[in-house]
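Numbering of ligands and ligand atoms starts at 1, following listing order. Along the sequence shown, the residues carry numbers beginning at 1.
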Amino acid sequence: MIQTMTIKEAMTASSLPRLEVRMLLEAVLNQPRTWLIAHDDEILTEQQAQMFYIMVARRTAGVPMAYLLGTREFMGLTFCVSPHVLIPRPDTETLVNKAIEVIRENDKLNDSTESQVAVPIQVLDMGTGSGAIAISIAKACPNVQIDATDFSAEALGIARLNAECLGVKVNWFLGDWYHALANQASSVHKAKGMTEDKLIDQAEHVVNGLHLEVNKRYDLIVSNPPYIQCDDEHLAQGDLRFEPPQALTDGADGLTALKKIIEQAPIWLKPGGQVWVEHGYNQAVQVQGMLEKAGFTGIQSLYDLGEKPRVSGGYLSVSL
Ligand code: GLN
């Protein structure tokens, strides 16, 4: 038999911070904070008390608040999250704000041309997870066509759900970085007798200087890839212990995914197109080096809320 209690008693029944307990009670009772304050003598039903105890126990064991509640705020929007996706971080808003700025500049250029119809800005988000980046961009910029990839079918399921709930359209592609797009292109090419393997081979050949006919090119590529070094002690601390490891680390020096994304970005970008990626606080120099090697100019690093260089990018110079 579960011992029952009032809201006021529940607030002090554990060693968790008050803010967290209040958030758990809001979820269990399905009531806003103001209601909880005005009704703190109300007794929890046996079922509510049981649910509350389970959530407190799981939180005490370290389960992230976002996974317990099933949601996290990002860019002022509520995203569904599950243990299949990385929990969106405030630091990533730096990347999203930069993307929005780039898109608005492109839009202005569009306006100044003679064209009567607005040409949509083509955006690609790689390793989208919950879809937080792609969906926030789509929400803020009506004139974008946005494609997003992820290696995990479960993650794309969550991303799809978020896009539906937040009322935006994003095209989702399942696969490993640019292979996701090659997989998709292959359905067109298969009809012409080309195998997927051959297509992916071709995509890789481009890196060695050979030409691949890519169906679509982007104005902007963004990504928050797994960039934590595999032996970083933070992986064994806090929320990170419960997040999908493949969304956090490459199992090596943390630079593998960043390198792949940057190296191949020129193949998928229009002339003048930009790439912006999130990276570790101590990776700006390496990432700037990768951008330079891949042929980008106007390379810059932007700072996160903790004043660490967190996002780097640049543009492809327009060849005349
Ligand atoms: N920013 C996250 C962290 O340091 C890591 C996210 C990532 O690897 N993309 O907790």
Side-chain angles (χ1 to χ4, degrees), residues 62-69 71-75 77 79-99 124-137 148-152 154-156 158-159 162 175-178 180 220-265 275-288 290-291 301-313:
V63 176
M65 285 298 288
Y67 292 157
L68 283 176
L69 302 174
T71 58
R72 174 54 48 98
E73 300 286 314
F74 179 77
M75 294 293 294
L77 303 167
F79 286 89
C80 291
V81 292
S82 83
H84 290 295
V85 298
L86 192 79
I87 301 165
R89 310 275 202 277
D91 287 341
T92 304
E93 297 191 355
T94 305
L95 177 63
V96 173
N97 286 325
K98 180 65 196 179
L124 172 65
D125 172 26
M126 311 211 75
T128 194
S130 65
I133 296 174
I135 293 166
S136 309
I137 293 173
T149 74
D150 207 280
F151 188 59
S152 152
E154 288 87 358
L156 283 188
I158 302 278
N162 280 321
D176 192 16
W177 307 121
Y178 295 102
L220 172 66
I221 297 176
V222 291
S223 182
N224 174 19
Y227 55 68
I228 302 179
Q229 202 167 316
C230 64
D231 56 4
D232 189 315
E233 60 190 19
H234 292 100
L235 290 171
Q237 295 169 10
D239 285 1
L240 280 73
R241 292 169 295 167
F242 296 86
E243 292 180 282
Q246 68 277 16
L248 292 167
T249 177
D250 56 1
D253 63 358
L255 296 168
T256 320
L258 287 162
K259 197 157 171 253
K260 276 190 194 161
I261 291 163
I262 293 169
E263 239 176 27
Q264 298 193 26
V275 66
W276 289 91
V277 292
E278 182 173 319
H279 52 71
Y281 68 94
N282 54 358
Q283 293 169 334
V285 173
Q286 285 111 312
V287 173
Q288 288 204 7
M290 291 174 197
L291 287 161
S301 293
L302 310 173
Y303 289 76
D304 65 15
L305 301 167
E307 295 177 9
K308 298 270 182 358
R310 178 66 60 186
V311 168
S312 296

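No more than 12 heavy atoms of other residues, nucleotides or ligands lie within 6.0 Å of CD in E307, so this atom counts as exposed by the packing criterion.
Side-chain atoms of T92 and I133, non-hydrogen and from C-beta on, do get closer than 4.5 Å to each other. Side-chain contact between S136 and F79 is present, with at least one heavy-atom pair separated by less than 4.5 Å.
Set against the non-hydrogen atoms of A247, the atoms of ligand 1 under 4.0 Å away are 7 (C), 8 (O), 9 (N). Residue E278 has at least one heavy-atom neighbour below 4.0 Å for each of these atoms of ligand 1: 1 (N). In summary, the atoms of ligand 1 found under 4.0 Å from a heavy atom of L240, numbered by their order in the structure, are 10 (O). Listed by atom number, the atoms of ligand 1 under 4.0 Å from P225 heavy atoms are 7 (C), 8 (O), 9 (N). Within the listing of ligand 1, atoms 7 (C), 9 (N) sit less than 4.0 angstrom from a heavy atom of N224. Atoms of ligand 1 found under 4.0 Å from any heavy atom of L248 (numbered from 1 in listed order, with element): 8 (O).
I228 CD1, 3.9 Å is the protein heavy atom nearest to atom 4 (O) of ligand 1. Protein heavy atom in closest approach to atom 1 (N) of ligand 1: Y227 OH, 2.8 Å. Nearest to atom 10 (O) of ligand 1 among the protein's heavy atoms is R89 NH2, 3.0 Å.
Using a 4.0 Å cut-off between heavy atoms, H234 makes no contact with ligand 1 at all. Residue contacts with ligand 1, taken as heavy atom pairs separated by less than 4.0 Å, do not involve D91 at all.
For the residue pair Q288 and S312, no side-chain donor N or O sits within less than 3.5 Å of a side-chain acceptor on the partner. Counting only N and O atoms by type, the side chains of Y227 and Q283 include no donor and acceptor under 3.5 Å apart.
To the nearest 0.5 Å, atoms OG (S223) and CG (L124) are separated by 8.5 Å.
Screening V275, V96, I261, I137 for a side-chain contact (heavy atoms from CB on, under 4.5 Å) with V222, the sole residue that qualifies is I137.
Using a 4.0 Å cut-off between charged nitrogen and carboxylate oxygen, E243 and R89 count as a salt-bridge pair.
Inclusion of R310 in the set of residues having an N or O under 3.5 Å from an N or O of ligand 1 is not warranted.
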